[in-house]
Student: 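Below you will find the structure I want to go over with you.
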Amino acid sequence: MSNLPLRPGLAGETPYGAPELDVPARLNVNENPYPPSQEVVDDIAEAVRAAATRLNRYPDRELPALRQALADYLAVESGVRVPWQQVWAANGSNEVMLHVLQAFGGPGRVCLSFTPTYSMYPEYARDTLTEYVTLARRQDFTLDVGAVREAIAAHHPAVVILASPNNPTGTALGLDDVRAVLDAARGSGPLDRDGSPTDTVVVVDEAYGEFRRPGVPSALELLADHEHLAVSRTMSKAFGMAGLRLGYLAATRELVDALRLVRLPYHLSAVSQAAALAALAHRDELMSQVASLRDERDATVAWLREQGHTAFESDANFVLFGPFEDRRAVFEALLERGVLVRVVGPDGYLRVCMGTPSQMEAFRTALTAVTQP
Ligand SMILES: Cc1ncc(COP(=O)(O)O)c(C=O)c1O
(Lines give C-alpha, C1' and ligand atoms only; values in the text may rest on other atoms or scores of the structure.)
Protein backbone atom coordinates (compact mmCIF):
# COMPACT_ATOMS: atom_id res chain seq x y z
CA MET A 1 0.00 0.00 0.00
CA SER A 2 1.54 3.33 -0.99
CA ASN A 3 1.51 6.42 1.13
CA LEU A 4 1.20 9.15 -1.51
CA PRO A 5 0.19 12.71 -0.61
CA LEU A 6 -2.88 12.75 -2.86
CA ARG A 7 -4.73 16.06 -2.68
CA PRO A 8 -7.76 15.82 -0.36
CA GLY A 9 -10.18 16.66 -3.18
CA LEU A 10 -8.98 13.66 -5.18
CA ALA A 11 -9.29 10.96 -2.53
CA GLY A 12 -11.79 8.32 -3.66
CA GLU A 13 -12.29 9.91 -7.10
CA THR A 14 -12.36 7.82 -10.29
CA PRO A 15 -11.07 9.04 -13.67
CA TYR A 16 -13.67 10.27 -16.19
CA GLY A 17 -14.61 7.32 -18.30
CA ALA A 18 -17.53 6.40 -20.46
CA PRO A 19 -17.01 2.78 -21.58
CA GLU A 20 -15.00 2.44 -24.80
CA LEU A 21 -16.40 -0.86 -26.10
CA ASP A 22 -16.08 -2.28 -29.58
CA VAL A 23 -19.74 -2.92 -30.40
CA PRO A 24 -21.63 -2.44 -33.69
CA ALA A 25 -23.61 0.59 -32.44
CA ARG A 26 -21.48 2.86 -30.25
CA LEU A 27 -23.98 5.53 -29.35
CA ASN A 28 -22.70 6.64 -25.96
CA VAL A 29 -20.33 9.61 -26.26
CA ASN A 30 -22.07 11.87 -28.78
CA GLU A 31 -19.56 11.32 -31.55
CA ASN A 32 -20.30 11.75 -35.22
CA PRO A 33 -20.69 8.24 -36.69
CA TYR A 34 -19.31 9.20 -40.12
CA PRO A 35 -15.54 8.86 -40.59
CA PRO A 36 -13.74 11.34 -42.86
CA SER A 37 -13.64 10.55 -46.59
CA GLN A 38 -10.47 9.24 -48.23
CA GLU A 39 -9.84 12.68 -49.73
CA VAL A 40 -9.94 14.32 -46.30
CA VAL A 41 -7.80 11.56 -44.81
CA ASP A 42 -5.22 12.09 -47.58
CA ASP A 43 -5.11 15.85 -47.09
CA ILE A 44 -4.72 15.52 -43.33
CA ALA A 45 -1.97 12.92 -43.83
CA GLU A 46 -0.17 15.23 -46.27
CA ALA A 47 -0.41 18.19 -43.87
CA VAL A 48 0.93 16.07 -41.01
CA ARG A 49 3.75 14.78 -43.24
CA ALA A 50 4.76 18.38 -44.00
CA ALA A 51 4.58 19.31 -40.31
CA ALA A 52 6.72 16.28 -39.46
CA THR A 53 9.65 17.75 -41.37
CA ARG A 54 9.76 20.55 -38.77
CA LEU A 55 9.17 18.53 -35.62
CA ASN A 56 12.63 19.40 -34.30
CA ARG A 57 11.12 22.86 -33.60
CA TYR A 58 8.46 23.79 -31.11
CA PRO A 59 5.15 24.67 -32.80
CA ASP A 60 3.74 28.15 -33.19
CA ARG A 61 2.61 29.18 -29.71
CA GLU A 62 -0.05 31.63 -30.83
CA LEU A 63 -1.54 29.56 -33.67
CA PRO A 64 -2.67 32.57 -35.75
CA ALA A 65 -3.40 30.53 -38.90
CA LEU A 66 -5.59 28.07 -37.07
CA ARG A 67 -7.36 30.76 -35.06
CA GLN A 68 -8.01 32.67 -38.30
CA ALA A 69 -9.46 29.55 -39.96
CA LEU A 70 -11.72 29.00 -36.94
CA ALA A 71 -12.81 32.67 -36.99
CA ASP A 72 -13.63 32.29 -40.71
CA TYR A 73 -15.68 29.20 -39.98
CA LEU A 74 -17.63 30.93 -37.19
CA ALA A 75 -18.41 33.83 -39.52
CA VAL A 76 -19.88 31.46 -42.09
CA GLU A 77 -21.74 29.31 -39.56
CA SER A 78 -23.24 32.04 -37.40
CA GLY A 79 -22.80 35.28 -39.33
CA VAL A 80 -20.66 36.70 -36.52
CA ARG A 81 -17.17 37.79 -37.52
CA VAL A 82 -14.42 38.26 -34.98
CA PRO A 83 -10.70 38.83 -35.55
CA TRP A 84 -8.45 35.83 -34.92
CA GLN A 85 -7.14 37.37 -31.71
CA GLN A 86 -10.63 36.87 -30.26
CA VAL A 87 -10.54 33.13 -30.87
CA TRP A 88 -8.73 30.66 -28.65
CA ALA A 89 -8.01 26.98 -29.40
CA ALA A 90 -6.80 24.02 -27.37
CA ASN A 91 -6.91 20.24 -27.12
CA GLY A 92 -10.66 19.83 -27.13
CA SER A 93 -13.12 22.22 -25.56
CA ASN A 94 -12.28 20.31 -22.37
CA GLU A 95 -8.92 22.05 -22.33
CA VAL A 96 -10.40 25.38 -23.38
CA MET A 97 -12.74 25.24 -20.38
CA LEU A 98 -9.93 24.22 -18.09
CA HIS A 99 -8.06 27.33 -19.27
CA VAL A 100 -11.13 29.42 -18.39
CA LEU A 101 -11.25 27.98 -14.87
CA GLN A 102 -7.48 28.30 -14.47
CA ALA A 103 -7.63 31.95 -15.46
CA PHE A 104 -10.78 33.02 -13.61
CA GLY A 105 -11.47 30.35 -10.98
CA GLY A 106 -9.25 29.21 -8.14
CA PRO A 107 -9.33 29.00 -4.36
CA GLY A 108 -12.09 31.07 -2.78
CA ARG A 109 -13.88 31.40 -6.12
CA VAL A 110 -17.10 29.84 -7.38
CA CYS A 111 -18.15 28.26 -10.66
CA LEU A 112 -21.93 28.05 -11.08
CA SER A 113 -23.72 25.67 -13.42
CA PHE A 114 -27.16 24.19 -13.93
CA THR A 115 -27.97 20.51 -13.51
CA PRO A 116 -28.42 18.08 -15.08
CA THR A 117 -25.49 19.08 -17.24
CA TYR A 118 -22.12 17.97 -18.61
CA SER A 119 -20.26 15.79 -16.12
CA MET A 120 -16.85 17.37 -16.75
CA TYR A 121 -17.79 20.80 -15.33
CA PRO A 122 -17.28 19.70 -11.71
CA GLU A 123 -13.94 18.21 -12.72
CA TYR A 124 -12.66 21.48 -14.23
CA ALA A 125 -13.66 23.13 -10.95
CA ARG A 126 -12.08 20.46 -8.77
CA ASP A 127 -8.85 20.55 -10.77
CA THR A 128 -8.55 24.31 -10.35
CA LEU A 129 -9.57 24.33 -6.67
CA THR A 130 -12.69 26.28 -7.61
CA GLU A 131 -15.88 25.68 -5.64
CA TYR A 132 -18.56 24.14 -7.89
CA VAL A 133 -22.10 25.26 -7.13
CA THR A 134 -25.14 24.00 -9.00
CA LEU A 135 -28.71 25.06 -9.40
CA ALA A 136 -31.32 22.64 -10.75
CA ARG A 137 -32.91 23.38 -14.10
CA ARG A 138 -36.71 23.39 -14.34
CA GLN A 139 -38.61 20.16 -15.09
CA ASP A 140 -38.32 20.83 -18.83
CA PHE A 141 -34.56 21.54 -18.37
CA THR A 142 -34.84 25.23 -19.19
CA LEU A 143 -33.42 27.82 -16.80
CA ASP A 144 -35.44 29.47 -14.08
CA VAL A 145 -33.94 32.86 -14.78
CA GLY A 146 -35.20 34.38 -11.53
CA ALA A 147 -33.50 31.61 -9.54
CA VAL A 148 -30.34 32.05 -11.62
CA ARG A 149 -30.28 35.76 -10.77
CA GLU A 150 -30.63 34.93 -7.07
CA ALA A 151 -27.87 32.31 -7.24
CA ILE A 152 -25.52 34.76 -8.96
CA ALA A 153 -26.29 37.43 -6.36
CA ALA A 154 -25.73 34.92 -3.54
CA HIS A 155 -22.51 33.29 -4.74
CA HIS A 156 -20.75 36.00 -6.78
CA PRO A 157 -19.38 33.32 -9.11
CA ALA A 158 -16.24 34.01 -11.09
CA VAL A 159 -17.57 31.76 -13.87
CA VAL A 160 -21.06 30.68 -14.91
CA ILE A 161 -21.27 27.80 -17.40
CA LEU A 162 -24.37 27.46 -19.56
CA ALA A 163 -24.37 24.46 -21.88
CA SER A 164 -26.58 25.19 -24.86
CA PRO A 165 -27.58 22.79 -26.30
CA ASN A 166 -27.21 21.14 -22.93
CA ASN A 167 -25.76 17.68 -22.43
CA PRO A 168 -27.44 15.29 -21.56
CA THR A 169 -30.84 16.90 -22.16
CA GLY A 170 -30.41 18.49 -25.61
CA THR A 171 -32.04 21.75 -24.41
CA ALA A 172 -31.00 24.97 -26.17
CA LEU A 173 -31.42 28.29 -24.38
CA GLY A 174 -33.14 31.27 -25.94
CA LEU A 175 -31.06 34.41 -26.28
CA ASP A 176 -33.40 36.21 -23.87
CA ASP A 177 -32.37 33.80 -21.14
CA VAL A 178 -28.67 34.11 -21.98
CA ARG A 179 -29.03 37.90 -22.03
CA ALA A 180 -30.72 37.84 -18.64
CA VAL A 181 -27.86 35.78 -17.19
CA LEU A 182 -25.32 38.14 -18.76
CA ASP A 183 -27.11 41.13 -17.24
CA ALA A 184 -27.20 39.48 -13.82
CA ALA A 185 -23.50 38.66 -14.18
CA ARG A 186 -22.46 42.28 -14.60
CA GLY A 187 -20.76 43.45 -11.45
CA SER A 188 -21.57 40.15 -9.71
CA GLY A 189 -18.16 38.47 -9.85
CA PRO A 190 -15.60 38.32 -7.04
CA LEU A 191 -14.08 41.56 -5.84
CA ASP A 192 -10.83 42.59 -7.51
CA ARG A 193 -7.68 43.69 -5.67
CA ASP A 194 -9.08 47.19 -5.16
CA GLY A 195 -12.27 45.80 -3.68
CA SER A 196 -14.43 46.65 -6.70
CA PRO A 197 -16.81 44.06 -8.10
CA THR A 198 -15.83 42.30 -11.33
CA ASP A 199 -18.13 40.91 -14.00
CA THR A 200 -18.77 37.17 -13.78
CA VAL A 201 -17.48 35.38 -16.89
CA VAL A 202 -20.38 33.62 -18.62
CA VAL A 203 -19.33 30.70 -20.80
CA VAL A 204 -21.93 29.38 -23.21
CA ASP A 205 -20.77 25.89 -24.13
CA GLU A 206 -22.01 25.33 -27.69
CA ALA A 207 -20.26 21.99 -28.27
CA TYR A 208 -23.41 20.87 -30.10
CA GLY A 209 -24.24 24.28 -31.59
CA GLU A 210 -24.27 23.16 -35.21
CA PHE A 211 -27.07 20.67 -34.52
CA ARG A 212 -29.49 23.33 -33.28
CA ARG A 213 -32.84 23.51 -35.03
CA PRO A 214 -33.56 26.23 -37.59
CA GLY A 215 -34.32 29.54 -35.90
CA VAL A 216 -32.40 28.67 -32.73
CA PRO A 217 -29.74 31.40 -32.38
CA SER A 218 -26.13 31.12 -31.22
CA ALA A 219 -24.85 33.13 -28.27
CA LEU A 220 -22.12 34.35 -30.64
CA GLU A 221 -24.68 37.00 -31.62
CA LEU A 222 -24.30 38.53 -28.14
CA LEU A 223 -20.51 38.76 -28.18
CA ALA A 224 -20.28 42.31 -29.49
CA ASP A 225 -22.21 43.75 -26.51
CA HIS A 226 -20.92 41.55 -23.71
CA GLU A 227 -17.26 41.64 -22.84
CA HIS A 228 -17.80 39.01 -20.09
CA LEU A 229 -19.21 36.41 -22.53
CA ALA A 230 -17.26 33.49 -23.98
CA VAL A 231 -18.75 30.99 -26.44
CA SER A 232 -17.00 27.65 -26.73
CA ARG A 233 -17.24 25.23 -29.63
CA THR A 234 -15.54 22.03 -30.71
CA MET A 235 -14.55 20.08 -33.81
CA SER A 236 -15.45 16.84 -31.97
CA LYS A 237 -19.14 16.71 -32.82
CA ALA A 238 -20.54 18.24 -36.03
CA PHE A 239 -17.13 18.16 -37.74
CA GLY A 240 -16.68 14.50 -36.86
CA MET A 241 -13.16 15.10 -35.56
CA ALA A 242 -13.36 13.89 -31.94
CA GLY A 243 -10.04 12.08 -32.32
CA LEU A 244 -8.29 15.29 -33.33
CA ARG A 245 -8.95 16.97 -29.94
CA LEU A 246 -9.61 20.48 -31.12
CA GLY A 247 -11.87 22.85 -29.25
CA TYR A 248 -12.09 26.63 -29.42
CA LEU A 249 -13.71 29.67 -27.91
CA ALA A 250 -14.67 33.16 -29.05
CA ALA A 251 -14.66 36.10 -26.63
CA THR A 252 -13.12 39.54 -26.29
CA ARG A 253 -9.44 39.90 -26.89
CA GLU A 254 -8.93 40.68 -23.21
CA LEU A 255 -10.60 37.45 -22.14
CA VAL A 256 -8.63 35.41 -24.68
CA ASP A 257 -5.42 37.05 -23.53
CA ALA A 258 -6.19 35.90 -19.98
CA LEU A 259 -6.35 32.31 -21.25
CA ARG A 260 -2.94 32.75 -22.89
CA LEU A 261 -1.54 33.37 -19.41
CA VAL A 262 -2.40 29.90 -18.16
CA ARG A 263 -1.92 27.67 -21.19
CA LEU A 264 1.15 25.47 -21.13
CA PRO A 265 3.79 26.61 -23.60
CA TYR A 266 3.18 25.01 -27.01
CA HIS A 267 0.00 23.34 -25.74
CA LEU A 268 -1.29 22.52 -29.21
CA SER A 269 1.16 20.32 -31.07
CA ALA A 270 2.34 21.07 -34.60
CA VAL A 271 0.66 17.83 -35.67
CA SER A 272 -2.69 18.92 -34.19
CA GLN A 273 -2.42 22.37 -35.76
CA ALA A 274 -1.62 20.95 -39.18
CA ALA A 275 -4.35 18.33 -39.04
CA ALA A 276 -6.93 20.85 -37.83
CA LEU A 277 -6.11 23.32 -40.60
CA ALA A 278 -6.33 20.58 -43.22
CA ALA A 279 -9.66 19.41 -41.79
CA LEU A 280 -11.05 22.97 -41.73
CA ALA A 281 -10.27 23.32 -45.43
CA HIS A 282 -12.85 20.53 -45.93
CA ARG A 283 -15.39 21.94 -43.54
CA ASP A 284 -18.33 21.77 -45.97
CA GLU A 285 -17.77 18.10 -46.63
CA LEU A 286 -17.14 17.29 -42.97
CA MET A 287 -20.36 19.03 -41.99
CA SER A 288 -22.40 17.49 -44.76
CA GLN A 289 -23.97 14.89 -42.47
CA VAL A 290 -25.22 17.42 -39.93
CA ALA A 291 -28.60 17.78 -41.65
CA SER A 292 -29.18 14.02 -41.81
CA LEU A 293 -28.15 13.61 -38.17
CA ARG A 294 -30.65 16.31 -37.22
CA ASP A 295 -33.37 14.50 -39.16
CA GLU A 296 -32.39 11.24 -37.50
CA ARG A 297 -32.67 12.93 -34.10
CA ASP A 298 -36.14 14.33 -34.78
CA ALA A 299 -37.26 10.95 -36.13
CA THR A 300 -35.84 9.23 -33.05
CA VAL A 301 -37.74 11.55 -30.69
CA ALA A 302 -40.95 10.87 -32.64
CA TRP A 303 -40.36 7.11 -32.68
CA LEU A 304 -39.58 6.93 -28.96
CA ARG A 305 -42.78 8.84 -28.19
CA GLU A 306 -44.79 6.51 -30.42
CA GLN A 307 -43.43 3.62 -28.33
CA GLY A 308 -44.79 5.31 -25.23
CA HIS A 309 -41.50 6.63 -23.86
CA THR A 310 -40.76 10.16 -22.81
CA ALA A 311 -38.20 11.69 -25.17
CA PHE A 312 -37.08 15.29 -24.78
CA GLU A 313 -36.88 17.73 -27.68
CA SER A 314 -33.23 18.05 -28.62
CA ASP A 315 -31.07 20.62 -30.40
CA ALA A 316 -28.05 18.31 -30.22
CA ASN A 317 -27.06 14.98 -31.80
CA PHE A 318 -28.51 12.89 -28.97
CA VAL A 319 -31.81 12.25 -27.25
CA LEU A 320 -32.60 11.71 -23.56
CA PHE A 321 -35.35 9.14 -23.11
CA GLY A 322 -37.05 6.96 -20.49
CA PRO A 323 -38.11 6.66 -17.79
CA PHE A 324 -37.20 3.08 -16.92
CA GLU A 325 -37.69 1.47 -13.56
CA ASP A 326 -34.25 -0.07 -13.85
CA ARG A 327 -32.29 1.91 -16.42
CA ARG A 328 -29.11 -0.04 -15.71
CA ALA A 329 -30.92 -3.27 -16.70
CA VAL A 330 -32.13 -1.66 -19.95
CA PHE A 331 -28.59 -0.41 -20.64
CA GLU A 332 -27.16 -3.92 -20.11
CA ALA A 333 -29.82 -5.57 -22.26
CA LEU A 334 -29.18 -3.12 -25.11
CA LEU A 335 -25.46 -3.76 -24.78
CA GLU A 336 -26.02 -7.52 -25.09
CA ARG A 337 -27.63 -6.70 -28.43
CA GLY A 338 -24.63 -4.65 -29.57
CA VAL A 339 -26.04 -1.19 -28.78
CA LEU A 340 -24.10 1.01 -26.38
CA VAL A 341 -25.98 3.98 -24.91
CA ARG A 342 -25.23 6.09 -21.82
CA VAL A 343 -26.60 5.91 -18.32
CA VAL A 344 -26.69 9.62 -17.54
CA GLY A 345 -29.07 12.38 -16.52
CA PRO A 346 -32.08 12.19 -14.21
CA ASP A 347 -32.90 8.88 -12.56
CA GLY A 348 -34.51 6.40 -14.92
CA TYR A 349 -33.27 8.03 -18.12
CA LEU A 350 -30.81 6.99 -20.82
CA ARG A 351 -29.14 9.00 -23.56
CA VAL A 352 -28.70 7.77 -27.11
CA CYS A 353 -26.51 9.54 -29.61
CA MET A 354 -27.36 9.59 -33.32
CA GLY A 355 -25.61 6.96 -35.40
CA THR A 356 -25.85 5.88 -39.03
CA PRO A 357 -29.29 4.75 -40.27
CA SER A 358 -28.34 1.10 -39.74
CA GLN A 359 -27.08 1.76 -36.21
CA MET A 360 -30.32 3.58 -35.41
CA GLU A 361 -32.28 0.66 -36.81
CA ALA A 362 -30.26 -1.62 -34.50
CA PHE A 363 -31.12 0.70 -31.59
CA ARG A 364 -34.83 0.62 -32.39
CA THR A 365 -34.88 -3.15 -32.80
CA ALA A 366 -32.95 -3.73 -29.59
CA LEU A 367 -35.03 -1.28 -27.54
CA THR A 368 -38.25 -2.85 -28.80
CA ALA A 369 -37.00 -6.31 -27.86
CA VAL A 370 -35.84 -5.13 -24.46
CA THR A 371 -38.86 -3.10 -23.42
CA GLN A 372 -41.79 -4.99 -24.93
CA PRO A 373 -42.81 -8.25 -23.30
C1 LIG B 1 -21.43 19.93 -23.41
C2 LIG B 1 -20.06 19.45 -23.79
N3 LIG B 1 -19.06 20.33 -23.78
C4 LIG B 1 -17.81 19.97 -24.10
C5 LIG B 1 -17.52 18.67 -24.48
C6 LIG B 1 -16.08 18.32 -24.75
O7 LIG B 1 -15.79 18.22 -26.05
P8 LIG B 1 -14.31 18.17 -26.60
O9 LIG B 1 -13.36 18.23 -25.44
O10 LIG B 1 -14.22 16.87 -27.33
O11 LIG B 1 -14.19 19.36 -27.48
C12 LIG B 1 -18.53 17.71 -24.53
C13 LIG B 1 -18.23 16.34 -24.93
O14 LIG B 1 -19.00 15.44 -24.90
C15 LIG B 1 -19.83 18.12 -24.16
O16 LIG B 1 -20.85 17.25 -24.14
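The analysis underlying the following values was restricted to heavy atoms, covering all of them including side chains, and did not include hydrogens, waters or symmetry mates. Whatever order the structure lists ligands and atoms in, that order sets their numbers, starting from 1.
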Student: Looking only at N/O atoms, are Asn30 and ligand 1 under 3.5 Å apart anywhere?
Tutor: no
Student: What do we get for Asp205 next to ligand 1 when only non-hydrogen atoms under 4.0 Å count, side chain, backbone, both or neither?
Tutor: side chain
Student: Just let me know how Arg245 lines up against ligand 1, side chain, backbone, both or neither, with a heavy-atom cut-off below 4.0 Å.
Tutor: side chain
Student: May I ask you to check whether Ser269 and Ser272 show a side-chain donor-acceptor distance below 3.5 Å?
Tutor: yes
Student: For Arg213 and Glu313: C-alpha separation, side-chain torsions, deciding distance, then whether salt bridge (Lys or Arg N to Asp or Glu O under 4.0 Å) applies.
Tutor: CA-CA 10 Å; Arg213 287 172 289 185; Glu313 296 289 335; 2.7 Å; yes
Student: Between Arg233 and Ser93 (side chain of the first, backbone of the second, donor and acceptor by atom type, cut-off under 3.5 Å), is there such a pair?
Tutor: no
Student: Tell me: protein heavy atom nearest atom 7 (O) of ligand 1, and distance?
Tutor: Ser93 OG, 3.2 Å
Student: Check the side chains of Thr128 and Thr130 for a donor-acceptor pair under 3.5 angstrom, ignoring hydrogens and angles.
Tutor: yes
Student: With atoms numbered from 1 as shown, which atoms in ligand 1 lie under 4.0 angstrom from a non-hydrogen atom of Ser236?
Tutor: 8 (P), 10 (O), 11 (O)
Student: Is the side chain of Gln359 donor-acceptor paired with the backbone N or O of Gly355 at a distance under 3.5 Å, no angle test?
Tutor: no
Student: Need the ligand 1 atom indices (1-based, order shown) with element for anything under 4.0 Å from a heavy-atom of Ala207.
Tutor: 2 (C), 3 (N), 4 (C)
Student: Where on Lys237 is there a heavy atom closer than 4.0 Å to ligand 1, on the side chain, on the backbone, on both, or on neither?
Tutor: side chain
Student: Check this for me - ligand 1, Tyr121, N or O atoms closer than 3.5 angstrom, yes or no?
Tutor: no
Student: Side chains of Asn94 and Tyr124: any donor to acceptor distance under 3.5 Å?
Tutor: yes
